[in-house]
Amino acid sequence: MKQAAHFNRHSVLAIYWFEMSRFRRTLWQSLVTPVITTVLYFVVFGAAIGPRMGDIDGVSYGAFIVPGLIMLTVFTESLNNASFGIHMPKFTGTIYELLSAPVSAFEVVFAYVGAAATKSVLIGLIILATASLFTPIDIQYPMSMAIYLVLVAIAFSLAGFIIGIWARGFEELQFIPMLIVTPLTFLGGVFYSIDILPGLWRTLSLFNPIVYLVSGFRWSFHGSGDVSIGVSLAVLTGFLTACLAIVWWIFRTGYRLKS
Amino acid sequence: MPPILSIERLNKTYASGLAALKNIDLEIRRGEIFALLGPNGAGKTTLISIVCGIVTPGTGRVRIDGHDIIEDYRAARAMVGLVPQELHTDMFETVWETVSFSRGLFGLAANPAHIEQVLRDLSLWDKRKAEVMTLSGGMKRRVLIAKALAHEPKVLFLDEPTAGVDVELRRDMWALVRKLRDTGVTIILTTHYIEEAEEMADRIGVIRRGELILVETKTELMKRLGKRQLALQLQEPLERIPEELAAWDLSLTDGGNILEYCFEAGQEHTEIPTLLRRLQDLGIEFKDLSTRQSSLEEIFVGLVSEREAAT
C-alpha cells in the first residue's frame, strides 16, 4: 500500500477523543464504581479477614492484595472498554464510517486500544490512591510498576478489541470476561499467594496465565512474587504478541468486519 | 478529462455463493449526478460499499481520481463521502460532536467554520447542541449527510438518500445535491424513487441481478426508450377499432370514448398525420387530443421486465 507508512494523526486523535468522551459522559459510573468496589474489598478482605491472615512474605495482608485488586480491575476495565468501544459501532452500524475512512488498521487499533488502556490505567491509579487510604503502600519499583500497568492495560485492551469484533451480540461480549477472565483472575492469586495452596492446586495454578501477570505486578510493589519477574514478563510479552497477531489477522481478512 | 471514478471488470461473490456483481464496467464523469437504479437486491449497495471500502472486492479494479482503492486507499477514501441507506448514527453525541468527529476521522484538522457552514446548509445549526438520539428521522438523515460532507469530499455517494423522508425534506435535499454539484462535487446516488433520478440525474445506470444492463444520459434514455402516446377524445364512442386502422398501434379506453395511439418517442415519422387523415376518411371525429411521454419509471419497469422475460 502506497501510503501505509504515513501516520494519520487526525484520524487517530478523532477516534481516541471520541472514545474518551464516552468515558467522560459516564464518569460517575467509570470512576466511582471501581472505587466503591475497592472499598468493599478492603472492608471484607482487609478489615474483616485480613487481621486473621497474618503477613504474607513480610507484607501485611491489606498491602498484599493491593496489586492483585488493581490487576483485577485493569483486566476487567480494559476488556470491557475496548470490546464495547469497537462492538458499539458494529452494533449500531456506524462501523461503515470507520471502514470507509482513510485510516489504516494499525491506526484504528492504536486509537481504540490507546483509549481503552488510558481509561484502565487511570482507574488503576485511582484504586491505588483509594487503597492507600486503607493501608500503607510501599512501592519498591515505581517505574516498573508504571510500565507493567501500562503493558497489562494494552494487552487486555487488545484482547478486548478482539472480543468486540468477534462478538455477535452483547451476550457474547460478556462471555469471555465473565466466564473465563474473572474466574481465572480470582484463582490467579489476587487474594492469596499460590504458595499457600496444596501441591496439586499449586501446580494447576501455574497453568493459569493470570498468576504470572498478578505476580509480576506484585513484584514491582513488594520485590517478590509467586513466580520470577522474568517469567512474568515473558508471559505478558507472549500474551501481547498473540493479541497483536490476532488483530493483524482480523484486519487482513476482514473477519466479522467486512463481507 | 479522465473519469473521477473508474470501475473495471468488477466482480463480487459473497461467501454464501451469491454473485452480487458480475463484470461491472463503469466510468463516472467529473461533476455529474449519476443515478444508479435497480430493484432490491440488484447490487447497488454492494457496488457502493466496495468503492467506499466497506465490502471487500472480488476481482476487478476500482480507481477514484486515479487512486486504486486497495493500493492507494488513503488517497482514494479521502475523496469520498458516503451517506448510507440506513440511519446509522451515534446516539449519545451531539450533532456538532459527531460531525466534527467525521472530519477528524477522515484525516483533516478541525475547521469549525466549515462544520458551521455544513450545518447551516442542512438546517441543522439550531440543533448543533442536541444529542443525535433526540432528533427526528429526517433530521438524522441530515446529520448523516453533514457527516459525509464534513471532510469536503470530491465524490459523494448517496445510498437511497430520501428513503422515508417527507416531501419537503426531499425537495431540500435535491436542492442541496444540485448546490453540491455546482461546487464541483460528483454525486452518485442510488434510489428507488424514479422521480428522484428523473429530477436530478445527468446520467442513469440500471443494474439488475449484479449486471449493469444500461448506462445512458437521462435525456437520451428517455428519447430512446420512452414511449409517447396520442389520446383522441372521440365525439362518439367506438365499440371496436376498425380493421382499416390495423396498421397503427391503437387501443380503446374509457368505454370506447378515447382512442390511444402509442409510438416511440425517438421515432422520426410518427404517422400521426396519416392516422388523422384516415380517421377523417372513416368519419371518426374527435373533440380533443393530447400527447404524453412515458416517465422514467415506466422505462425502468419496462427495462427490468424485458430482462426478466429474456432470462
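Computed over heavy atoms, backbone and side chain alike; hydrogens, waters and symmetry mates excluded. Chain letters run A, B, ... following the sequence lines, proteins first and then strands; every chain starts at 1. Small disclaimer: the values here were computed from a predicted structure and weren't measured.
With contacts defined as side-chain heavy-atom distances shorter than 4.5 Å, the pair A:P102/B:F106 qualifies. The shortest distance between side-chain heavy atoms of B:E93 and A:R25 falls below 4.5 Å.
Proximity to chain B is absent for every atom of A:L13, based on heavy atoms less than 4.5 angstrom apart. Within the 4.5 angstrom heavy-atom criterion, no atom of A:I95 approaches chain B. Within the 4.5 angstrom heavy-atom criterion, no atom of A:R22 approaches chain B.
Side-chain atoms of B:H88 come within 3.5 Å of backbone atoms of A:T92 as a donor-acceptor pair (strictly under, hydrogens ignored). Although no hydrogens or angles enter the test, the distance criterion places a donor-acceptor pair under 3.5 Å between the side chain of B:R77 and the main chain of A:L99.
A:T33 meets the side-chain hydrogen bond (donor to acceptor under 3.5 Å, both in side chains) test with no other residue; sequence neighbours excluded. Residues that satisfy the side-chain hydrogen bond (donor to acceptor under 3.5 Å, both in side chains) test with B:K147, not counting sequence neighbours, are A:E97, B:T98, B:S102.
When the heavy atoms of residues 76-85 of chain A are compared with those of chain B, none of the residues falls under 4.5 Å. For residues 172-187 of chain A, a heavy-atom distance under 4.5 Å to chain B picks out no residue at all.
In terms of heavy-atom pairs under 4.5 Å with chain B, the best-connected choice from A:S100, A:S21, A:P89, A:A14 is A:S100.
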